[in-house]
Amino acid sequence: MLRATGIPVSLVSVRTRDGVVLDGVAAHPRGRRRTALIWVHGLGSTFSSGQPTTRVLSAQLERAGIGYLKLNTRGHGVVARAGRRLGGAAFERFGDSVHDIRAMIGLAGRSGYRRMILAGHSTGANKVLHYVARTGDRRVAGLMLLGPISDVAGERKRIGGRELARRVAAAERLARRDPEALVPRAWGFLSARRFISLYRPGEAEDVFPYYRLDAGWPALRRVRVPLAVVVGGRDEYLDRRPAALIAAFERNAIRARSCHGIVVPRANHGFRGHEPALAREMVRWARTVG
């Protein structure tokens with residue numbers, strides 16, 4: 001057992017239904033266990049990344065009587081083994097994230113929790129929204145989207161829409177020959193299949209289509225639980241003001257019990273250096289749900 005700011009943090013692991021082992025950490029409150037917050041990391045991250053956030057957030061959640069779990073997904077790191085397949089950021093299949101999150105919730109349930117708040121950061125936000133929309137899992141009491149930036153919009157901002165369309169078309173041609181072949185290194189260490197999933201509009205992973213005026217937002221419009229959208233005031237991947245991003249979510253969260261927007265002033269996409277402020281906002285909202 002480890003300790004983070006005086007709070008016991010245990011190493012844990014769980015096996016998904018399709019045989020992938022996910023390692024992570026858990027911090028439990030003293031007394032009765034009711035609600036747990038499950039952090040789902042972003043593209044290529046790991047459960048051990050972001051330790052300042054883990055330390056501050058687990059301590060504040062413990063004082064609020066809320067548990068904390070953070071595990072690897074099969075998309076952790078750049079390349080990882082995912083059962084019989086390759087995983088990691090380069091090779092994971094977005095739809096398989098449903099298996100990962102279901103296993104995390106199951107682990108929390110076996111640890112004594114009955115209400116789960118899913119908190120997904122970056123690509124983790126795509127995954128938790130997809131999970132709730134796809135499964136309607138009644139154990140999920142709330143959904144927190146941290147840095148929910150569209151990969152399509154972010155890459156268009158970086159290299160331009162025409163260049164991104166050219167790269168997607170090239171990845172499609174490559175994927176027809178071999179879906180696991182790597183795209184040119186300058187585009188990122190990604191398989192052709194993974195590149196398409198991230199950057200082709202309309203893919204299952206494209207759950208934040210605020211860059212399209214005619215977008216239907218099918219995943220978000222199926223969510224019925226309370227929703228929080230948390231954005232760094234200086235998120236480097238944003239192509240618009242944080243308030244405009246939050247407004248797009250508010251307009252389309254038509255079935256959610258509530259939709260609460262939070263801007264962490266001066267924070268970047270990873271909230272680095274602003275972990276205490278992020279934790280305060282997260283715990284404040286989680287207490288209203290849990």
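If you read the sequence from its start, that first residue is 1, and numbering goes on from there.
Here the closest non-hydrogen pair linking V79 and A90 is CG2-CB, 4.2 Å. Between A125 and L145, the shortest heavy-atom contact is O-CD2, 3.7 Å. A pairwise comparison of heavy atoms in H99 and T16 identifies O-CG2, 3.9 Å as the closest pair. Contact record, V20 with A82: CG2-C, 3.7 Å, taken as the closest heavy-atom pair. Closest approach of A253 and L227 over heavy atoms only: CB-CD2, 3.9 Å. The minimum heavy-atom distance between A215 and P209, with the atom names listed, is CB-O, 3.4 Å.
For the atom pair CD1 of I105 and CG of D137, the computed distance is 4.5 Å after rounding to the nearest 0.5 Å. Interatomic distance, L107 CG to S13 OG, rounded to the nearest 0.5 Å: 8.0 Å. Interatomic distance, CG of L129 versus CZ of F249, reported as 7.5 Å (0.5 Å rounding). Distance check: M282 CE to I262 CD1 gives 9.0 Å after rounding to the nearest 0.5 Å. Taking CD1 of I117 as the reference point, atom CG of L69 lies at 12.0 Å (rounded to 0.5 Å). H274 contributes atom NE2, which lies 7.0 Å from atom CG of N268 (distance to the nearest 0.5 angstrom).
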Does the side chain to side chain contact (heavy atoms under 4.5 Å, CB included) test come out yes or no for H76 and F47, once each step is laid out?
CA-CA 8 Å; H76 73 280; F47 80 84; over 6 Å; no
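Within the 3.5 Å criterion, the main-chain N or O of A170 finds no donor-acceptor partner in the side chain of E172. Judged by distance alone, the side chain of H41 and the main-chain N or O of K70 form no donor-acceptor pair under 3.5 Å. Within the 3.5 Å criterion, the main-chain N or O of G83 finds no donor-acceptor partner in the side chain of R74. For the pair R193 (side chain) and R93 (backbone), a donor-acceptor distance under 3.5 Å is absent. The backbone N or O of E236 sits less than 3.5 Å from a side-chain atom of K157, completing a donor-acceptor pair. The backbone N or O of L22 sits nowhere less than 3.5 Å from a side-chain atom of R15 that would complete a donor-acceptor pair.
Within 6.0 Å of OH on Y237 lie no more than 12 heavy atoms contributed by other residues, nucleotides or ligands. Within 6.0 Å of CZ on R257 lie no more than 12 heavy atoms contributed by other residues, nucleotides or ligands. Heavy-atom contacts from other residues, nucleotides or ligands closer than 6.0 Å to CZ of R134 number 12 or fewer. Within a 6.0 Å sphere centred on CZ of R102, heavy atoms belonging to other residues, nucleotides or ligands number more than 12. Around CZ of R241, the count of heavy atoms belonging to other residues, nucleotides or ligands within 6.0 Å does not exceed 12. In the displayed structure, R81 atom CZ is contacted under 6.0 Å by more than 12 heavy atoms of other residues, nucleotides or ligands. Annotation: R240, atom CZ; neighbour count of heavy atoms from other residues, nucleotides and ligands within 6.0 Å is above 12. Counted within 6.0 Å of CZ on R234, heavy atoms from surrounding residues, nucleotides or ligands total 12 or fewer; the atom is thus considered open.
Side-chain heavy atoms closer than 4.5 Å link hydrophobic residues (I, L, V, M, F, W, Y) into clusters, and following such links, even through other members, never connects V9 to I38. Under a hydrophobic-cluster definition in which Ile, Leu, Val, Met, Phe, Trp and Tyr are linked whenever side-chain heavy atoms come within less than 4.5 Å, directly or via other members, L198 and L182 are assigned to different clusters. A single hydrophobic cluster is seen to contain both L146 and V264, as judged by linkage of ILVMFWY side chains at heavy-atom distances under 4.5 Å, directly or through other members.
Checked against Y113 for a side chain to side chain donor-acceptor pair (under 3.5 Å), the options R139, H28, R34 give a single hit: H28. Here the rule is side-chain contact (heavy atoms from CB on, under 4.5 Å) with Y199, and of V183, V168, D206 only V168 fits it.
For D100 and K127, the salt-bridge test fails: no basic side-chain N is under 4.0 Å from an acidic carboxylate O. Note on E163 versus R158: no salt bridge recorded, every NZ/NE/NH1/NH2 to OD/OE distance being 4.0 Å or above.
Ring planes of Y210 and W217: tilted class, angle from 30 to 60°. Ring-plane geometry between W39 and H121 is classed as tilted, the angle between the planes lying from 30 to 60 degrees on a 0 to 90 degree scale. Relative ring orientation between F189 and F91 is described as perpendicular, the plane-to-plane angle rising above 60° on a 0-90° scale split at 30° and 60°.
Side-chain contact between E205 and H130: absent, with no pair of heavy atoms (C-beta onward) separated by less than 4.5 Å.
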